[in-house]
Protein chains: 2
Amino acid sequence: MKLAQMKTVEDAAPGVAHGCMDDELGFHLRRSQVAAFKHFGQTVTAAEGITPGLYGMLQVIANNSGLTQSALAEAMDVDRSSIVKVVNQLEDKRLIVRDASPTDRRSYCLRLTSFGRNELARIEQAVTAQDREFSKALSEAERHTLIGLLKRLYK
Amino acid sequence: MKLAQMKTVEDAAPGVAHGCMDDELGFHLRRSQVAAFKHFGQTVTAAEGITPGLYGMLQVIANNSGLTQSALAEAMDVDRSSIVKVVNQLEDKRLIVRDASPTDRRSYCLRLTSFGRNELARIEQAVTAQDREFSKALSEAERHTLIGLLKRLYK
DNA sequence: TATTGTTATACTCTATAACTATA
DNA sequence: TATAGTTATAGAGTATAACAATA
């Protein structure tokens with residue numbers, strides 16, 4: 001096979017020009033976010049069977065134990081109705097439980113099971129390793145600089 | 001209305017803890033990218049009727065005139081079949097044309113119409129303004145630092 | 001009256017597989 | 001045989017509207 005015909009993940013579409021998008025932050029945010037999701041899928045999801053979305057939900061529940069589905073929806077900036085399926089999935093995986101609220105019979109208090117806590121501890125290690133691997137082109141100082149700049153985009 | 005009950009885009013879900021995700025680059029990439037899409041939608045899409053995805057496609061076609069749908073698919077890192085509807089939409093909006101390829105009767109060469117060029121010139125101004133507005137918390141030097149760091153995440 | 005969780009429904013984006021017409 | 005474009009179909013992920021139970 002000729003060198004010019006070789007196609008790998010790294011050099012796919014090598015010659016495409018992006019014009020003024022090269023100076024647009026939104027364009028690079030989008031590309032790097034897609035790359036991050038893809039990397040997460042190939043590592044964490046492949047090994048642990050959990051998607052970025054489910055992982056984020058699990059962390060918010062873990063760090064805000066007892067919050068309601070409505071509170072989770074607000075925190076994740078999605079509609080209440082969109083939360084139901086996700087909570088079902090986490091419950092099906094025995095990672096969380098819907099506890100009856102002691103003060104409001106309409107709502108549930110979401111909490112990790114002890115199994116869920118163990119699982120999350122293991123998954124966290126995989127995610128941390130994935131995150132460092134994904135950003136291995138940056139020094140630790142640059143990684144923190146990047147995170148600091150990103151945080152300032154959404155206050 | 002009491003101050004404690006006020007809900008705005010800026011202070012939604014003020015009290016939610018994110019645990020170790022606060023040090024995960026992927027988490028902040030996701031949040032800032034979602035914020036960027038939302039801002040784009042409220043400004044550019046609202047005024048010009050074009051989504052971030054369609055805008056990106058249009059720019060790639062504009063900057064690589066004559067490329068085929070397969071080449072566009074590879075550049076956008078999506079399947080050939082997913083390109084069809086998008087190209088139809090851009091054609092329906094009279095922004096591009098499918099020209100017959102002079103060398104391969106199976107494929108089309110995608111090109112902007114003169115109307116498309118005019119439209120893109122106008123849309124570009126809206127996108128540039130949107131991008132600067134979205135990143136107004138950063139100085140121009142910081143914005144470029146951020147773009148430079150992001151680029152290093154995907155080659 | 002308003003809110004919580006739920007369901008039904010729909011819309012967008014994307015992928016896979018199979019088809020056609022070319023190469 | 002292989003490739004370019006297309007279609008049918010399916011799966012995430014999301015939203016809106018309406019409902020029952022409860023506040």
Side-chain angles (χ1 to χ4, degrees), chain A residues 1-2 5 7 12-13 30-31 33-35 37-38 40-42 45 49-57 61 66-93 96-111, chain B residues 1-2 5 7 13 30-31 33-35 37-38 40-42 45 49-57 61 66-92 96-111:
Chain A
M1 184 182 236
K2 287 189 225 164
Q5 293 176 331
K7 293 280 173 60
R30 176 64 177 166
R31 293 189 88 186
Q33 199 271 308
V34 168
F37 259 36
K38 186 173 292 188
F40 191 106
Q42 293 168 341
T45 306
I50 194 165
T51 60
L54 282 186
Y55 169 71
M57 296 278 184
I61 296 170
L67 89 172
T68 64
Q69 292 184 194
S70 290
L72 179 59
E74 188 183 353
M76 305 302 287
D77 202 23
V78 295
D79 194 83
R80 288 194 328 268
S81 63
S82 302
I83 287 291
V84 178
K85 193 185 291 183
V86 178
V87 170
N88 285 343
Q89 288 179 71
L90 293 175
E91 207 174 43
D92 290 347
K93 290 171 178 284
I96 69 166
V97 287
R98 282 172 162 105
D99 272 357
S101 167
T103 59
D104 189 335
R105 290 198 297 170
R106 291 172 304 179
S107 60
Y108 296 116
C109 294
L110 305 177
R111 288 195 183 83
Chain B
M1 183 183 236
K2 286 190 226 162
Q5 293 177 332
K7 292 280 171 58
R30 176 64 177 164
R31 294 189 88 187
Q33 199 272 308
V34 167
F37 259 36
K38 185 174 293 189
F40 191 106
Q42 292 169 340
T45 306
I50 195 167
T51 61
L54 281 186
Y55 169 70
M57 296 277 183
I61 297 170
L67 88 171
T68 63
Q69 292 184 195
S70 290
L72 178 60
E74 188 183 353
M76 305 302 287
D77 201 26
V78 294
D79 194 81
R80 292 196 323 272
S81 63
S82 303
I83 287 292
V84 179
K85 193 184 290 184
V86 178
V87 170
N88 284 344
Q89 289 179 69
L90 293 175
E91 207 174 42
D92 290 348
I96 69 166
V97 287
R98 282 170 162 108
D99 271 358
S101 166
T103 59
D104 189 336
R105 289 200 294 169
R106 292 173 304 181
S107 60
Y108 297 116
C109 295
L110 305 177
R111 289 196 181 82

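First the proteins, then the strands, lettered A, B, ... as listed; each starts at 1.
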Here the distance between atom C1' of dG5(D) and atom CG of Leu110(B), to the nearest Å, is 11 Å
Interatomic distance, CG@Leu110(B) vs CD@Glu91(B), rounded to 0.5 Å, equals 8.5 Å
Picking from dT3(D), dT7(D), dT7(C), the nucleotide nearest the side-chain atoms of Ser81(A) would be dT7(C)
_Test item: Thr45(A) side-chain N/O and Ile50(A) main-chain N/O as donor-acceptor pair under 3.5 Å_ = yes
Atom CG of Asp79(B) and atom C1' of dT14(C) are separated, to the nearest Å, by 9 Å
Rounded to whole Å, CG of Asp104(B) lies from P of dT20(C) at a distance of 19 Å
**Asked** Using a cut-off of less than 4.0 Å, is there contact between a side-chain N or O of Arg98(A) and OP1 or OP2 of dT4(C)?
**Response** no
Arg105(A) atom CZ is separated from dT3(C) atom C1', nearest whole Å, by 15 Å
Atom OH of Tyr108(B) and atom P of dA23(C) are separated, to the nearest Å, by 13 Å
Rounded to whole Å, CD1 of Ile50(A) lies from C1' of dA12(D) at a distance of 16 Å
Donor-acceptor pair under 3.5 Å: do we get one between Arg80(B)'s side chain and the base of dG5(D)?
yes
Taken to the nearest 0.5 Å, the spacing of Ile61(A) CD1 from Leu90(A) CG works out to 5.5 Å
Discussion item. What's Thr68(B) touching, base or sugar-phosphate or nothing? Going by heavy atoms closer than 4.0 Å.
Written reply: sugar-phosphate
| query | Hey, are the side chains of Leu54(A) and Lys93(A) touching, using non-hydrogen atoms and a 4.5 Å cut-off? | reply | yes
ask   = Should Ser70(A) be listed as having a side-chain N or O under 4.0 Å from OP1 or OP2 of dG5(C)?
value = yes
Check your understanding: Is there a donor on the side chain of Ser107(B) or the base of dT22(C) sitting less than 3.5 Å from an acceptor on the other?
Key -> no
So, is Ser82(B) near the phosphate of dC13(C), with a side-chain N or O under 4.0 Å from OP1 or OP2? no
Between CD1 of Ile83(A) and C1' of dT4(C) the distance, given in whole Å, is 13 Å
